[in-house]
Amino acid sequence: MRYPPRSPRPLRPLILLGCLLVSGALLLPAPPLAGVLPDPGDPCLAPGTDPEPLSLTALWALARERDAGFQAAAERLEASEAVARAVNRSRFPGLEVDGLWNYGQRTSPGEERVLGVGPRSDLRLLSTWSLLDGGRSARARGAGASRAAARAGAGAFALAWEAEVARSWSATRRSEAEARALEEHHEALESLLPVVERRVAAGVEGSWELRLLEETRARGAARRAQALEARDADRAELSALAGRCVTAATSPLGAGGFPGLGPTPPGGAEALSSPAGNAPDPLSEHPALLQMERLAEARSAQARAQADQERWNLSLVGGAGPTRSRAFDPDPVEYEYLAGVAGQFRLDLAGVARQERQAGEAEARALRAEADRLREAHLREAATLDAELARMGERRSALERESLAAEATLEAARMRWAAGVDGWQQVMQALERRLAATLAHTAWEETFLRTLVRRAELEDRLAALATQLESVR
C-alpha cells in the first residue's frame, strides 16, 4: 500500500520566526510608560522654555525658600533658646511624687515587727526650691551666650550663602554676555561666506582665501559652542537654586551697567582696625566674628558653671503624704508632713574644679584669638580689595576706549571694502579685534562684580550692594 507524499510542516519555520521576533523585542529599548516622562533635571530643558531674567535680590528671595540650610540654622537657634528657657525656669520650685510598696518581714523595732510578714506602702509629694546655687548664674550667662552665638551663626551662614549665590549670578552674567557676543561674531562671519565663495567662483580670489575664512569660521564655531555650553551650565545652576528656568538679568556693557566706584575710606585698613573717636567699627557686627566671640563667652561661662556645679546650694524642702501599715491602730493609714531647709557645701581639696575651670578659660581664650586672627585676615583682604577697586576704574575706561576703537575700525573696514579699497580680510581681522575687546570687557565686568561682592561680604553689606545694582540698571 502506498501512502500519499507528506506535505511540508510549517512548524519549524514558525518556531524559528518566533525566536527571532522574541530576541529582537528583547534587544529593542522598552517604550516609556504612558504618562511617565523622565525628569530632565534642568527646568530650561523643557521645549519652548525661555529663561526668566532675575535680579540678584529676586534670585535670593526664590532660592532662600528652597535651601534647607536656613531651616537648620533656625532649628539650632530654637534649640539654644530652649536651653536658655530651661536654665531660667530652674529658679522655680520643683515638685516630685515618690511612692513605695513592699511586702516582707521588717526587723525595725515596733509593733509591726511583732505582726510578722505583711505589706506596707507610702506616697509622698515632695517639693524643693533652690534659693541659692553656685553655678546657676554662670549657666544662665552660658546659655545666653550660646543663644547669641547661634543667632550670629545663622547670620554668618546667610551671609556666606548670599555671597556664593551672588558669585554664581555674576558668572552667569558673564556667560550670557560672552555667548551673545560670540553669536554676533558667528553671524558676521557667516555673512562673509557667500561673498567670498562668489569671488572665488568668479576667479577674483583664490581658494587660499576661502580656506582662511573656513579656518576662522571653524575657530569661531568652537568658541561659540564652548560659550553656549558655559551659558547653559550657569543657567542650570541658577535654575536649580530658583526652582524654575531663570538666568541673571544683564544690562548693556558699559559704564552705565555698574555701580559707581566709591572712594576708599580714609586711612584704608588702618582706619578699619582702629576707628577714631566714636566712628563705628565696620567689622564689629560681622556675624562670623560675633559667632566666635559669643562662643568664647559661652565656653568661659560653661567652665565656671561646671566648676561650681553642686559645690554649694541652699534650698527649701517639704513633703507630705499618707503611709499605710498594719502597725497603725485603729486606722491603718496615717499622714505626715514636713518642711525644712537643706544646704550643701563641697570642698575641692584636690583642685579638680579649679583645673576644669582653667581648661575652659584656655579654650575661651583660644576662640578669642581665632576671632582676632580672622579679623586681621579680613582687614588685610579689605585693604587689598580697596587697592584693586581704586585702579579698576582706569582699566574699565581703557577697555571702553578699546571697544569703541574696535567698533570704529570695523565700520571703517566695511566702508573701505564696500568702496573697493581693501578686501574682506581686513573686515575679518576687525571682527576678531572687536570680539577680543568685547570679551575682555566682559571678563572685567565679572571680576569687578566679584570684587564688590567680596568687599561687601567682609562688612556684611551685601543687601546694600544688591540694592545699588538694582538702581544702576
Novice: Report, as yes or no, whether the 6.0 Å neighbourhood of atom CD on E197 holds more than 12 heavy atoms from other residues, nucleotides or ligands.
Specialist: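 Yes - once you tally the heavy atoms of other residues, nucleotides and ligands closer than 6.0 Å, there are more than 12.
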Novice: Main chain of P53, side chain of T247: is a donor-acceptor contact present, judged purely on distance under 3.5 Å?
Specialist: no
Novice: Where do R64 and E162 land on the salt bridge (Lys or Arg N to Asp or Glu O under 4.0 Å) test, with the steps shown first?
Specialist: CA-CA 9 Å; R64 187 184 297 267; E162 289 177 351; 2.6 Å; yes
Novice: As an exercise, state the distance from CZ of R450 to CZ of R174, rounded to the nearest 0.5 Å.
Specialist: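 Output value for this atom pair is 9.5 Å.
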Novice: How about D67 and W161: do any of their side-chain heavy atoms sit closer than 4.5 Å?
Specialist: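 Yes; the side chains approach each other to less than 4.5 Å.
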Novice: So, for L182 and A227, which heavy atoms are closest and what is the spacing to 0.1 Å?
Specialist: CD1-CB, 3.2 Å
Novice: Any salt bridge between E411 and R434, counting N to O under 4.0 Å?
Specialist: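 Result for this pair is no, no salt bridge flagged.
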Novice: Are side-chain heavy atoms of E432 and H185 found at a separation under 4.5 Å?
Specialist: yes
Novice: Decide yes or no for M292 and L295: does some side-chain heavy atom of the first lie under 4.5 Å from some side-chain heavy atom of the second?
Specialist: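 M292 vs L295: side chains apart.
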Novice: Answer yes or no: is there an ion pair linking R454 with E388, defined by an N-O contact shorter than 4.0 Å?
Specialist: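 Judged by the 4.0 Å cut-off on N to carboxylate O distance, R454 and E388 do not form a salt bridge.
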Novice: List the atom of W417, the atom of G423, and the distance in Å for their closest heavy-atom pair.
Specialist: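 Nearest heavy atoms, W417 then G423: CD1-C, 3.7 Å.
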Novice: Can you find a heavy atom in the side chain of L210 that is under 4.5 Å from one in the side chain of L193?
Specialist: yes
Novice: Please tell me if the side chains of H378 and R375 come closer than 4.5 Å, counting only heavy atoms from C-beta onward.
Specialist: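 Contact flag for H378/R375 side chains = no.
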Novice: Using every non-hydrogen atom in the two residues, find where S80 and A150 come nearest and quote the distance to one decimal.
Specialist: OG-CB, 3.5 Å
Novice: Please give me the minimum heavy-atom distance between A248 and L238, naming the atom from each residue.
Specialist: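 Heavy atoms only, the tightest pair is N-CD1, 3.8 Å.
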Novice: Is the closest basic N to carboxylate O distance between R223 and E178 below 4.0 Å?
Specialist: no
Novice: Determine whether L241 and R66 make a side-chain contact, defined as any pair of heavy atoms from C-beta on separated by less than 4.5 Å.
Specialist: no
Novice: Looking at E457, is its backbone amide N or carbonyl O close enough to the side chain of H286 to form a donor-acceptor pair, meaning the two atoms are under 3.5 Å apart?
Specialist: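 Checking the backbone N and O of E457 against the side chain of H286, a donor-acceptor pair under 3.5 Å is found.
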Novice: Are L62 and R244 side-chain neighbours, meaning at least one heavy-atom pair lies under 4.5 Å?
Specialist: yes
Novice: Tell me if the CH2 atom of W129 is crowded by more than 12 foreign heavy atoms within 6.0 Å.
Specialist: no
Novice: Parallel, tilted or perpendicular: which fits the ring planes of W444 and H441, with parallel below 30° and perpendicular above 60°?
Specialist: tilted
Novice: Which is it for R141 and E297 under the side-chain contact (heavy atoms from CB on, under 4.5 Å) test, yes or no, and what are the steps along the way?
Specialist: CA-CA 8 Å; R141 289 196 305 270; E297 294 176 7; over 6 Å; no
Novice: Mind running salt bridge (Lys or Arg N to Asp or Glu O under 4.0 Å) on E370 and R373 for me, showing each step along the way?
Specialist: CA-CA 5 Å; E370 286 291 331; R373 185 191 65 82; 3.3 Å; yes
Novice: Nearest 0.5 angstrom please: L213 CG to E190 CD, how far?
Specialist: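 Rounded to the nearest 0.5 Å, the CG-CD separation comes out at 8.5 Å.
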Novice: Can you tell me how far apart CZ (R368) and CD (E363) are? Round to the nearest 0.5 Å.
Specialist: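 Rounded to the nearest 0.5 Å, the CZ-CD separation comes to 12.0 Å.
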Novice: Please say whether more than 12 non-hydrogen atoms of neighbouring residues, nucleotides or ligands are located less than 6.0 Å from CD in E229.
Specialist: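 Not more than 12 within 6.0 Å, no.
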Novice: Is the closest side-chain donor-acceptor distance between E361 and S300 under 3.5 Å?
Specialist: yes
Novice: Is any side-chain heavy atom of P51 closer than 4.5 Å to one of V246?
Specialist: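 Not touching, per the 4.5 Å side-chain cut-off.
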Novice: Would you sort out whether T57 and L469 count as a side-chain contact (heavy atoms from CB on, under 4.5 Å), showing the intermediate values?
Specialist: CA-CA 9 Å; T57 305; L469 290 173; over 6 Å; no
Novice: Do the side chains of R219 and E215 get close enough for a salt bridge, i.e. N-O under 4.0 angstrom?
Specialist: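 Judged by the 4.0 Å cut-off on N to carboxylate O distance, R219 and E215 do form a salt bridge.
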Novice: To the nearest 0.5 angstrom, please state how far the CD atom of E176 sits from the CG atom of D234.
Specialist: 8.0 Å
Novice: Among side-chain atoms of Q425 and Q429, is any donor-acceptor pair under 3.5 angstrom?
Specialist: no
Novice: Using atom types as modelled and distance alone, determine if a side-chain donor or acceptor of R224 lies under 3.5 Å from a backbone N or O of A179.
Specialist: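 Looks like no, no N/O pair under 3.5 Å.
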Novice: Is E214 paired with R211 through a side-chain N to carboxylate O contact shorter than 4.0 Å?
Specialist: no
Novice: Answer yes or no: is there an ion pair linking E446 with R173, defined by an N-O contact shorter than 4.0 Å?
Specialist: no
Novice: Pair E81, R151 - check side-chain contact (heavy atoms from CB on, under 4.5 Å), show working.
Specialist: CA-CA 10 Å; E81 291 178 348; R151 186 176 294 110; 3.9 Å; yes
Novice: How close do G155 and P287 get, counting heavy atoms only, and between which atoms?
Specialist: C-CB, 3.6 Å
Novice: Decide yes or no on side-chain contact (heavy atoms from CB on, under 4.5 Å) for L431 and T216, but give the supporting numbers first.
Specialist: CA-CA 11 Å; L431 285 172; T216 304; over 6 Å; no
Novice: Quick one: pull up CG in L289 and CG in D372 and give me the separation to the nearest 0.5 Å.
Specialist: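 L289 atom CG to D372 atom CG measures 9.0 Å (nearest 0.5 Å).
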Novice: To the nearest 0.5 angstrom, please state how far the CZ atom of R299 sits from the CZ atom of R304.
Specialist: 12.5 Å
Novice: Is there a donor-acceptor contact under 3.5 Å from the side chain of W169 to the main chain of L54?
Specialist: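 Answer holds: yes.
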Novice: Taking all non-hydrogen atoms of both residues into account, name the closest pair between F157 and F70 and its distance.
Specialist: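 Closest heavy-atom pair between F157 and F70: CE2-N, 3.6 Å.
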